[in-house]
*Asks:* 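Dropping the structure in here first, questions after.
Heads up: numbering here begins at 1 and tracks the sequence.
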Amino acid sequence: MSETDPPLLPEMGLWQHLNWQPTTKQQYQFQRLYELILAGNRQLNLTRITEPVEFWEKHLWDSLRGIAPFLQESEKKDETLNSSFKVIDIGTGAGFPGIPIAISLPHWTVTLLDSTRKKITFLNTLLAQLDIQNANTVTGRAEIVGKQRSYQQSYDVALIRAVGSATICAEYALPFLKLGGLAVLYRGNWTTAELEALQNAVERLGGVIEATESFTTPLSQSIRHCLYLRKVAVTQLNFPVQLV
Ligand code: SAH
């Protein structure tokens with residue numbers, strides 16, 4: 001490897017930690033995604049996670065872990081039986097968890113939402129460079145966009161990682177969901193105080209906490225939690241919005 005060659009992501013045998021194996025094309029797209037984010041980082045402050053192993057674990061693996069059951073399902077079944085979910089990634093930043101998910105589940109359609117225009121401009125170029133056809137972008141604030149008719153109650157799945165407290169994440173995510181839709185809150189540490197606050201908020205927003213998963217990341221053994229919220233009633237949109 002010459003000095004100008006981009007660093008390579010670790011050996012793909014590591015994917016066994018997800019019980020899922022990307023195709024050659026997907027592996028290539030992950031590597032390209034990594035290179036384009038490193039390049040983008042020179043102009044924009046996109047991420048502090050730049051080492052190959054860390055990028056693999058904290059951006060790729062972590063993004064996909066939240067939707068692991070869907071990945072495993074997509075491998076098992078006849079492709080035509082897979083649900084073509086409409087998904088929104090709220091506060092996507094440099095595209096996480098939305099882009100790895102769009103790459104891994106090409107039959108899903110992923111909307112990447114962020115309030116920072118510069119990040120969305122970067123993502124538009126990135127999507128074109130990676131030839132990702134099943135993702136689109138929106139610039140705006142979640143608490144405003146989620147109340148607009150064309151976005152409200154329109155999504156099967158809402159993803160949200162590192163945007164605010166769990167309560168704020170629920171407030172942002174639930175209005176976007178169709179009845180029966182699923183919100184996935186990506187969290188690090190998780191406390192009973194947070195759970196209590198979330199329970200109150202979720203009830204008020206027409207949801208229930210369907211499952212909480214706790215796990216550690218495969219390489220650095222960092223603590224993670226995923227909260228799965230199911231929308232069971234129409235969200236009343238006059239709830240008090242907490243601005244961050
Ligand atoms: N989800 C990404 C980025 C987290 S940083 C990751 O996990 O790596 C938080 C991002 O949320 C930032 O890009 C910020 O611009 C965006 N953001 C913060 N508040 C927001 C809001 N109310 N609506 C939309 N995006 C928001």
Side-chain angles (χ1 to χ4, degrees), residues 1 3-10 26 28-67 87-104 110-132 134-146 151 158-169 171-173 176 184-189 217-220 222-226 241-244:
M1 189 168 105
E3 264 178 44
T4 51
D5 278 341
L8 290 174
L9 289 173
Q26 286 163 335
Y28 169 78
Q29 284 177 305
F30 290 144
Q31 176 65 34
R32 277 295 287 153
L33 170 65
Y34 175 47
E35 291 166 17
L36 293 169
I37 290 203
L38 287 184
N41 240 1
R42 288 185 210 121
Q43 272 113 48
L44 279 174
N45 191 12
L46 293 169
T47 180
R48 272 172 293 147
I49 298 170
T50 54
E51 288 308 309
V53 168
E54 252 206 308
F55 184 90
W56 180 86
E57 182 183 55
K58 304 227 162 91
H59 278 329
L60 299 182
W61 187 89
D62 192 68
S63 293
L64 296 177
R65 176 63 179 78
I67 51 102
V87 180
I88 185 155
D89 178 14
I90 301 164
T92 188
F96 301 102
I99 291 186
I101 291 174
I103 290 175
S104 305
V110 181
T111 298
L112 307 167
L113 168 73
D114 204 279
S115 53
T116 308
R117 186 171 298 280
K118 271 196 261 176
K119 289 189 183 166
I120 294 295
T121 305
F122 166 78
L123 289 176
N124 285 335
T125 311
L126 188 84
L127 292 177
Q129 285 169 318
L130 285 170
D131 193 26
I132 295 176
N134 60 321
N136 51 68
T137 59
V138 177
T139 309
R141 293 197 67 88
E143 61 276 37
I144 295 167
V145 178
Y151 295 99
L159 312 159
I160 184 158
R161 190 180 87 157
V163 175
S165 71
T167 304
I168 287 171
C169 289
E171 285 182 353
Y172 287 175
F176 283 102
V184 185
L185 274 49
Y186 288 69
R187 312 297 305 169
N189 286 317
T217 61
L219 303 177
S220 62
S222 312
I223 292 168
R224 294 283 185 279
H225 289 84
C226 272
V241 172
Q242 299 179 30
L243 294 174
V244 278

*Asks:* For a 4.5 angstrom cut-off between non-hydrogen side-chain atoms, does I99 reach L126?
*Replies:* yes
*Asks:* Can you name the closest pair of heavy atoms from R32 and L130 and give their distance?
*Replies:* CB-CD2, 3.4 Å
*Asks:* I'd like to know if the side chain of Y34 and the backbone of T50 have a donor-acceptor N/O pair within less than 3.5 Å.
*Replies:* yes
*Asks:* Can any side-chain N or O of Q129 pair as donor or acceptor with the backbone N or O of L36 at less than 3.5 Å?
*Replies:* no
*Asks:* Would you please test N124 and T137 for side-chain hydrogen bond (donor to acceptor under 3.5 Å, both in side chains) and show each step?
*Replies:* CA-CA 7 Å; N124 285 335; T137 59; 2.6 Å; yes
*Asks:* For S222, check side-chain hydrogen bond (donor to acceptor under 3.5 Å, both in side chains) against everything at least two apart and list the hits.
*Replies:* S220
*Asks:* Going by the ring-ring contact (aromatic ring centres under 6.0 Å, His included) test, name the single residue among F55, W61, W56 that passes it with H59.
*Replies:* F55
*Asks:* Distance check, rounded to the nearest 0.5 Å: Q43 atom CD versus N41 atom CG?
*Replies:* 9.5 Å
*Asks:* Would you check, one step at a time, whether the test side-chain contact (heavy atoms from CB on, under 4.5 Å) holds for L219 with V53?
*Replies:* CA-CA 8 Å; L219 303 177; V53 168; 3.4 Å; yes
*Asks:* How far does CD1 of I120 sit from CG of L127, to the nearest 0.5 angstrom?
*Replies:* 9.0 Å
*Asks:* Got a donor-acceptor contact below 3.5 angstrom from the N134 side chain to the A102 backbone?
*Replies:* yes
*Asks:* Measure across P97 and L159 and return the closest heavy-atom pair with its distance rounded to 0.1 Å.
*Replies:* CG-CB, 3.9 Å
*Asks:* For the backbone of G140 and the side chain of D114, can you confirm whether one donor and one acceptor N or O come within less than 3.5 Å of each other?
*Replies:* no
*Asks:* Between R141 and V145, is any pair of side-chain heavy atoms under 4.5 Å apart?
*Replies:* no
*Asks:* Can you find a heavy atom in the side chain of F96 that is under 4.5 Å from one in the side chain of T47?
*Replies:* no
*Asks:* Output all residues satisfying ring-ring contact (aromatic ring centres under 6.0 Å, His included) with Y186, sequence neighbours left out; order by chain, then residue number.
*Replies:* none
*Asks:* Please find the pair of heavy atoms, one from L9 and one from P52, that lie closest to each other, and give the distance.
*Replies:* CD2-O, 3.7 Å
*Asks:* Can you check whether L112's main-chain N or O pairs, donor with acceptor, with D89's side chain at less than 3.5 Å?
*Replies:* no
*Asks:* Where is the tightest heavy-atom contact between S63 and I101, given as atom of each residue plus distance?
*Replies:* O-CD1, 3.7 Å
*Asks:* Side chain of E143, backbone of Y172: donor and acceptor closer than 3.5 Å?
*Replies:* no
*Asks:* Are K58 and R224 packed together at the side-chain level, in the sense that at least one heavy-atom pair is separated by less than 4.5 angstrom?
*Replies:* yes
*Asks:* Step through the shown structure and confirm whether more than 12 heavy atoms of other residues, nucleotides or ligands are within 6.0 Å of CD1 on I223.
*Replies:* no
*Asks:* Whether the side chain of T116 engages the backbone of K118 through a donor-acceptor N/O pair (distance < 3.5 Å, no angle test) should be reported.
*Replies:* no
*Asks:* Taking atom CD of E51 as the centre, report whether more than 12 heavy atoms of other residues, nucleotides or ligands fall under 6.0 Å from it.
*Replies:* no
*Asks:* Do you know which two heavy atoms are closest between G93 and L123, and how far apart they sit?
*Replies:* O-CD1, 3.5 Å
*Asks:* Is any side-chain heavy atom of I103 less than 4.5 Å from a side-chain heavy atom of I132?
*Replies:* yes
*Asks:* Determine, for D62 against R161, whether the closest basic-nitrogen to carboxylate-oxygen distance falls under 4.0 angstrom.
*Replies:* yes
*Asks:* Is there a donor-acceptor contact under 3.5 Å from the side chain of H225 to the main chain of G188?
*Replies:* yes
*Asks:* Identify the two heavy atoms, one from A158 and one from I90, that lie closest to each other, and give their separation to 0.1 Å.
*Replies:* CB-CD1, 4.2 Å
*Asks:* Rounded to the nearest 0.5 Å, what separates atom CZ in F176 from atom CG in L113?
*Replies:* 5.5 Å
*Asks:* Does E54 reach the main-chain N or O of I49 with its side chain, forming a donor-acceptor pair under 3.5 Å?
*Replies:* no
*Asks:* Would a 4.5 Å heavy-atom cut-off, applied to side chains only, mark R187 and C226 as touching?
*Replies:* no
*Asks:* If we count only N and O atoms by modelled type, under 3.5 Å, do the side chains of T111 and N136 hold a donor and an acceptor together?
*Replies:* yes
*Asks:* Among residues at least two apart in sequence or on other chains, which ones pass ring-ring contact (aromatic ring centres under 6.0 Å, His included) with F122?
*Replies:* none
